[in-house]
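In what follows, every chain begins at residue 1, and chains take the letters A, B, ... in the order their sequences are listed. Please read all numbers here as calculations on a predicted model, not as lab measurements.
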2 protein chains.
Amino acid sequence: MHPYEDIRATILERINNQTWPAGSTLPHEEQLAKEFDVARGTIRRALSSLVEAGLIERRRKAGTRVVDRRSHMSTLNIPIIRHEIESSGAQYGYKLLSSDIHSPEKDETGFFKTASLKHVLALHLKDGRPFQLEDRLINLTAIPKARDESFKTISPNEWLVAQVPYSSIRTYLRAELASALDVTHLKITTGRPVFIVERQTTLKTVPLTRVRLSHDAAQYQVVTETADVT
Amino acid sequence: MHPYEDIRATILERINNQTWPAGSTLPHEEQLAKEFDVARGTIRRALSSLVEAGLIERRRKAGTRVVDRRSHMSTLNIPIIRHEIESSGAQYGYKLLSSDIHSPEKDETGFFKTASLKHVLALHLKDGRPFQLEDRLINLTAIPKARDESFKTISPNEWLVAQVPYSSIRTYLRAELASALDVTHLKITTGRPVFIVERQTTLKTVPLTRVRLSHDAAQYQVVTETADVT
DNA sequence: AAGTGGTCTAGACCACCGC
DNA sequence: CGGTGGTCTAGACCACTTG
């Protein structure tokens with residue numbers, strides 16, 4: 001239908017059938033424009049789409065090369081837990097466990113260099129049963145509003161997403177044995193695995209918040225899909 | 001420097017400082033073009049960038065709206081394990097454990113509907129120690145070449161990535177207790193957690209391969225970062 | 001130095017979809 | 001129906017980076 005989609009499909013086909021094998025160089029934009037009889041901008045549109053998909057790389061003067069596919073890129077989406085639970089048709093519940101103000105020494109990972117921190121522990125429930133334990137530190141220097149928020153009715157996660165702009169988030173995903181806190185609050189037995197999502201949120205080099213979200217491994221997994229390039 | 005970057009930054013600023021709060025509608029492209037005194041195409045470039053970043057949504061006639069940020073999107077990149085190990089400066093090792101041809105009944109998840117399958121079990125080592133256990137099923141109907149490949153010197157993972165084009169990959173990340181196979185081959189003790197990466201690879205609705213990659217949780221985690229929108 | 005991709009313009013027409 | 005974003009053109013100039 002749209003020229004650039006056909007062109008992208010054709011180029012993809014040539015990559016897949018080894019007409020342009022991994023590592024090889026594609027013709028210039030102008031050559032492609034002539035071949036497909038379209039404007040250069042239309043070729044750029046198609047190639048940009050393939051760059052996003054991670055299939056080709058482009059550098060000035062060097063040209064356009066087919067990437068040697070060595071890894072699988074996909075888009076990871078970790079929603080606010082309330083939305084995830086509600087969209088599954090289950091009932092969401094929330095309980096604040098504790099909330100205190102600490103000095104920086106509480107931050108063992110060195111993410112916060114110097115700041116007064118708020119430490120919040122909260123539980124998210126699915127159909128009345130514990131589902132996610134949220135263990136969070138908030139930089140009060142950067143987010144002073146958080147000092148006066150009790151988090152009794154809204155979770156820190158949701159409050160922060162609504163209130164605070166961020167510029168980058170680093171996420172760690174890992175497996176652990178349930179900690180004492182996990183066992184107590186997630187109501188699982190000692191020796192069970194938990195799935196951990198840890199996030200560090202930053203606004204232009206200023207650390208805003210760090211959170212450890214733990215889940216019973218039997219009830220939680222993360223799913224992600226590559227964009228279907230066709 | 002480049003107009004579209006400045007424009008994107010300005011718009012981002014207005015979103016962050018609530019000039020255009022979540023849910024509100026931005027001016028049309030032509031209005032913005034007039035305000036910033038650039039061509040409409042330049043405005044489109046800036047807005048497209050924000051769409052990719054997940055900050056705004058656009059629909060014909062409805063206009064451009066600020067997204068109510070309810071989740072964090074990031075790009076997940078799971079490399080071939082050999083490259084990951086080698087780039088960390090460690091030495092990579094590989095060992096084939098078993099390779100057989102099975103009937104479909106081996107596929108308990110129903111990913112492969114009907115096909116003759118090759119089942120391969122292999123171990124990836126880091127500095128001589130077990131690091132990743134690869135448990136893979138390959139659709140021989142779709143990838144007949146795999147029937148004659150012994151996988152004695154190259155891992156199925158790497159062979160497939162080099163040989164087979166795919167169109168989509170679904171990835172599951174989860175925590176489990178080590179299975180008997182995990183305990184035996186990863187040389188961990190019973191009752192330890194493992195981190196599982198499971199992938200289902202498809203070419204235009206045809207299932208190609210499914211793999212379960214297990215790792216000692218103490219040695220493996222996944223890291224991902226959002227694109228830094230500034 | 002020169003060739004390549006990157007940005008921008010000023011226009012045209014189209015397609016979707018909300019009113 | 002009409003207003004919005006989506007696509008496309010034919011040009012121009014620029015900036016990077018490799019040989």
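For A/S168, the side chain to side chain contact (heavy atoms under 4.5 Å, CB included) test picks out A/T202, B/T226, B/D228, with sequence neighbours left out. For A/K61, the side chain to side chain contact (heavy atoms under 4.5 Å, CB included) test picks out no residue, with sequence neighbours left out. A/E225 pairs by the side-chain hydrogen bond (donor to acceptor under 3.5 Å, both in side chains) definition with B/R170, not counting sequence neighbours. Considering only residues two or more places apart in sequence or on other chains, B/S24 meets the side chain to side chain contact (heavy atoms under 4.5 Å, CB included) condition with B/W20, B/P21, B/V66. Looking at residues two or more places apart in sequence or on another chain, you find a ring pair (Phe, Tyr, Trp, His ring centres under 6.0 Å) between B/H215 and B/Y220. Shown here are the side chain to side chain contact (heavy atoms under 4.5 Å, CB included) partners of A/R44, two or more places apart in sequence or in another chain: A/E29, A/R40, A/R58. In this structure, B/F36 has no ring pair (Phe, Tyr, Trp, His ring centres under 6.0 Å) partners at least two apart in sequence or on a different chain.
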Pick out the pairs of N or O atoms, protein on one side and nucleotides 17-19 of chain D on the other, that lie under 3.5 Å.
residue, atom, partner, partner atom, Å
D/dT18, OP1, A/R59, NE, 3.3

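Between B/K34 atom NZ and D/dT4 atom C1' the separation is 16 Å, expressed in whole Å.
Every pair passing ring pair (Phe, Tyr, Trp, His ring centres under 6.0 Å) that includes a residue from residues 46-84 of chain B is listed here, sequence neighbours excluded: A/Y166-B/H72. Counting only residues at least two apart or in different chains, salt bridge (Lys or Arg N to Asp or Glu O under 4.0 Å) contacts with residues 123-134 of chain B comprise B/E134-B/R136.
Checked against A/S155 for a side-chain contact (heavy atoms from CB on, under 4.5 Å), the options A/H124, A/K95, A/R82 give a single hit: A/H124.
Using a 4.0 Å cutoff to heavy atoms of chain A, the contacted part of DNA chain C runs 5' to 3' from C/dA2 to C/dT7.
Comparing A/M1 and A/T64 along DNA chain C, the residue whose closest nucleotide (by nearest heavy atom) sits nearer the 5' end is A/T64. Residue whose closest nucleotide on DNA chain C sits further toward the 5' end, between A/H2 and A/P27: A/P27.
Residues of residues 39-51 of chain B having a heavy atom closer than 4.0 Å to DNA chain C, listed by number: B/A39, B/R40, B/T42, B/R45.
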